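Input: a single structure, listed below in structure tokens.
Keep in mind that the numbers below use all heavy atoms, side chains included, and drop hydrogens, waters and symmetry copies. No experiment lies behind these values; they were computed from the predicted model shown. In the text below, chain A, chain B and the rest are named by the order of the sequence lines, each starting its count at 1.
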Amino acid sequence: MDLLNYAFMQRALLAALLVGVTAPAVGTFLVQRRQAIMGDGIGHVALTGVALGFLLQVSPVWTAVAVSVAGAVGMELIRSYGKARGDIALAMLFYGGMSGGVMIIYLAPNGSNANLTTYLFGSISTVSPQDIPPMIALAAFVLLVVLGLRRHLFAVCQDEEFARVGGLPVRALNLLLAVTAAVTVTVAMRAVGLLLVSALMVIPVAAAQQVTRGFAWTLAVAVAIGVTVALSGTVFSYYVDVPPGSSIVLASMAVFLLFTAAAGPLRRRLPRPGWHNGGVRARRPS
Amino acid sequence: MTDTVVALRGASASLGARQVLHGIDLAVARGEVVALLGANGSGKSTAVRAAVGRVRLSSGSWELFGTPGERFRQWARIGYVPQRTTAAGGVPATVREVVAAGRLARTGLRPPRRADKAAVARAIELVGMADRAADAVDALSGGQHQRVLIARALATEPDLLIMDEPMAGVDLAAQQVLADTVRAQVAAGTTVLLVLHELGPLAPLIDRAVLLRDGRVAHDGPPPPLAPDHVHPHADEAAATVKGHLDRWTS
């Protein structure tokens with residue numbers, strides 16, 4: 001493993017590890033709430049934050065955190081208040097974030113096309129020593145929230161109406177989850193890139209639930225898959241010179257296919273079949 | 001009025017542009033079992049959702065345990081069973097995980113203690129689902145799923161149980177199991193307010209029935225009379241009889 005002798009590679013693998021843990025952990029709650037697409041939206045908006053960092057010549061991590069948190073809070077407010085035109089408002093936010101980012105990065109003094117690509121699809125060689133402490137701090141925040149409040153976030157994502165009647169601070173928890181998702185995106189942007197970060201929030205969870213029947217297990221298996229694909233994808237990118245985002249996401253899709261193929265026979269062997277038969281009809285309140 | 005556990009007074013509410021409740025009065029005393037009946041669209045679900053603060057009143061007032069609803073904070077005293085929906089999340093969850101969510105009303109932000117885990121286990125036991133506690137709720141039948149939602153409400157050890165159509169989509173045998181669970185709660189002194197489409201196996205438990213029609217109280221008093229043969233050995237025929245009486249009574 002000569003690749004571990006390179007400092008840049010040590011940093012890249014550490015970045016991948018942080019992403020592999022945090023993205024599926026937050027993603028489990030987003031998928032639970034059928035908001036798998038939220039990571040994508042935040043990724044688009046975060047690009048404006050990265051570009052602002054270049055324009056102002058400060059660390060893009062912090063500007064990305066600021067802008068993506070604002071974007072995520074905006075999305076959550078649109079979700080909770082928004083009625084008919086909520087989807088259009090969200091789409092506008094996505095397009096605005098992406099085009100704003102491209103515009104600003106080209107106006108910035110040292111912005112260039114190359115910079116843009118490393119943030120969109122990840123890059124193993126550009127995780128700088130200064131990037132590491134904020135990434136660790138942000139990842140720690142994410143884990144503290146999703147593990148410390150997992151019961152409460154589960155209750156809110158599973159049945160918001162019931163959680164409200166139980167007296168849980170539903171709005172605060174929803175906003176906290178949105179902020180946590182935004183922070184995760186900025187942790188992930190160096191390793192997998194802003195356009196592919198959402199995949200690492202969703203695909204490991206989708207793979208995990210092929211073989212699990214509980215929420216806690218799904219979370220644990222998704223994180224295990226996330227770490228595995230993030231590290232192996234980063235190593236692959238070292239040997240074959242491609243952006244790590246592409247190899248990490250393709251690796252996670254391979255795991256998904258593997259688990260899906262294995263789940264069929266596995267399910268038949270288990271005593272109680274029909275895990276996913278739904279079986280519940282929608283009813284309108286009268 | 002501390003003996004009134006839940007009260008709506010002159011309550012009006014709208015869903016979107018449509019006014020659903022037109023000044024209804026509804027009070028449930030401690031230990032009472034009250035059924036809210038009515039046709040689809042009569043406002044019975046909206047009424048119970050207003051009673052737990054999920055629908056804002058446009059006029060009138062709302063009280064829980066003698067406290068104005070807006071200032072009520074003792075949510076752990078209420079076990080709420082919302083209407084079953086497809087809202088089940090995109091990630092599997094076990095019976096125990098779903099029921100444990102009901103205990104959060106008691107634990108707040110502190111981690112669960114042994115007593116909390118025992119309360120969750122007891123709630124699962126009460127609805128007869130102990131052998132399925134580690135199974136995914138997605139794998140359950142409609143009746144079993146409903147039992148899980150009732151267990152979730154019982155996990156907080158409530159003084160007041162509010163249920164929105166707990167029998168909907170549940171076959172008659174399973175309805176009997178649910179009725180037994182509710183009977184045990186009533187025997188232990190729990191107050192119950194429930195929305196029903198028909199009385200069914202719960203009929204013997206009901207102290208009072210409130211009939212809504214077009215968002216107004218059309219009747220508030222003893223439950224509709226049962227046929228003398230309502231204890232017919234064939235449960236489905238008995239239910240049909242009861243339903244027949246109810247239909248005559250409500251029309």
Separation of Arg164(A) CZ from Arg49(B) CZ (nearest 0.5 Å): 10.5 Å

Could I get the full list of side-chain contact (heavy atoms from CB on, under 4.5 Å) partners for Asp40(A), not counting sequence neighbours? Ile37(A), His44(A), Ser198(A)

For chain B, which candidate among Val31(A), Val165(A), Leu168(A) shows the most heavy-atom pairs at distances under 4.5 Å? Val165(A)

Basic-acidic side-chain contact under 4.0 Å: Arg213(A), Asp138(B): no

Check Tyr80(B) against Phe162(A) and note the closest heavy-atom contact, atom names and distance. O-CE1, 3.1 Å

Should the heavy atoms of other residues, nucleotides or ligands under 6.0 Å from CZ of Arg96(B) be counted, would the total exceed 12? no

Considering only heavy atoms, which portion of Ala208(A) lies under 4.5 Å from any heavy atom of chain B: side chain, backbone, both, or neither? neither

With a 4.5 Å cut-off on side-chain heavy atoms, are Gln158(A) and Val91(B) touching? no

Which bit of Leu219(A) comes within less than 4.5 Å of chain B, counting heavy atoms only: side chain, backbone, both or neither? neither

Which of Ile78(B), Val98(B), Val81(B), Thr107(B) touches chain A most, by non-hydrogen pairs under 4.5 Å: Val98(B)

Backbone N or O of Pro82(B) within a donor-acceptor pair of the Glu161(A) side chain at under 3.5 Å? no

Is the number of heavy atoms from other residues, nucleotides or ligands under 6.0 Å of Arg114(B) CZ greater than 12? no

With chain A, which of Gln146(B), Arg152(B), Gln74(B) has the greatest number of heavy-atom pairs at distances under 4.5 Å? Arg152(B)

Residue pair Thr94(B) / Gly214(A): nearest heavy atoms and the distance that separates them: CG2-CA, 3.4 Å

With chain A, which of Thr156(B), Val95(B), Leu109(B) has the greatest number of heavy-atom pairs at distances under 4.5 Å? Leu109(B)

Who wins among Ala93(B), Ala101(B), Ala134(B) for the most heavy-atom pairs under 4.5 Å with chain A? Ala93(B)

Chain B contact via Val205(A) - which portion, at a heavy-atom distance below 4.5 Å: side chain

Heavy-atom distances under 4.5 Å only: say whether Thr28(A) touches chain B with side chain, backbone, both or neither. both

Counting neighbours of CD on Glu125(B) that are heavy atoms of other residues, nucleotides or ligands and sit closer than 6.0 Å, is the number greater than 12? no

Any donor-acceptor pair under 3.5 Å from Gln209(A) side chain to Pro92(B) backbone: no

